[in-house]
Amino acid sequence: MADKITDVNVSYCAKSNYVTAFRMHYKQDGVQKAWDYIKGHDSIAILLYNKDRDVFPVVRQFRPAVYAAKVKAFTDGQSIDTQKHGGDLGMTLELCAGIMDKEKDPAEMAQAEVLEETGYKVPLECLKKVTSFRCGVGTEGTRQTLFYAEVTDQMKVSSGGGLREEGEMIEVIELSRSDAMKFIMDESVTKPVGMMFAYMWFFFKRDEK
């Protein structure tokens, strides 16, 4: 099970393949200031709508950063009691998404992520760019590009689940329209703000010219 988490230990990260910490010194209106920030990757996310069954395929997965924030895992050498703090605390519902870590067109990256995570083989011409926006404006400022694609059952060519060789353990879940509407403001469901925005766009802006 993706939420079966054991042997959790925390340590400071001296070097990472994904993020790098910096400190910017600057003057603002003559006042000396400093701000710490992280260099991360831009990303893509894809809102999928299965028009055959009127459902939204989304992904459920364990996010270590969410788990750490909930259990306050911020001490070097800290061990976490996983009997007390189960892996469910780090489970999220998200759109199919991925980081832009390859020299590819964003739409091509989106197409690959949809196939890997959800098992739908979506033609490039079926991927519509909705918009792009900045994430983590206080810490990263990276850019995420949101795509939308309508899929059918015939496009489902595998069970998805992510790339096991990259350590991904993803469960595909389908939300009905009514569930998605409730989901937007349901604080009991751990989700990124970009997903909330995507559903607001679908229900209230999608048909605008």
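We count residues from 1, following the sequence as given.
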- Gap separating the CD atom of Gln144 from the OG1 atom of Thr131, nearest 0.5 angstrom: 11.0 Å

- Please name the pair of heavy atoms, one in Val19 and one in Gly40, separated by the smallest distance, quoted to 0.1 Å. CG1-CA, 4.5 Å

- Query: Between Arg143 and Asp42, is the closest basic N to carboxylate O distance under 4.0 Å?
  - Reply: no

- Item | Minimal non-hydrogen separation, Val55 against Ser176, with atom names | CG1-CA, 4.4 Å

- Task: For the residue pair Asn9 and Ser79, confirm or rule out a side-chain donor-acceptor distance under 3.5 Å.
- Result: yes

- Separation between CD of Glu171 and CG of Asp3, rounded to the nearest 0.5 Å: 8.5 Å

- Check: Tyr148 ring centre within less than 6.0 Å of Trp201 ring centre: yes

- Query: Side chain of Lys84, backbone of Thr82: donor and acceptor closer than 3.5 Å?
  - Reply: no

- Item | Test item: side-chain donor near acceptor, Thr92 and Glu94, under 3.5 Å | yes

- Just checking, any donor-acceptor pair under 3.5 angstrom between side chains of Lys27 and Gln32? no

- Task: Return the orientation label for the Phe56 and Phe203 ring planes: parallel under 30°, perpendicular over 60°, tilted otherwise.
- Result: perpendicular

- Query: Which pair of heavy atoms, one from Tyr120 and one from Pro57, lies closest together, and at what distance?
  - Reply: CE1-CG, 3.8 Å

- Query: For the rings on Tyr67 and Phe62, is their centre-to-centre separation under 6.0 Å?
  - Reply: yes

- Query: Do Thr190 and Lys70 have side-chain N/O donor and acceptor atoms under 3.5 Å apart?
  - Reply: yes

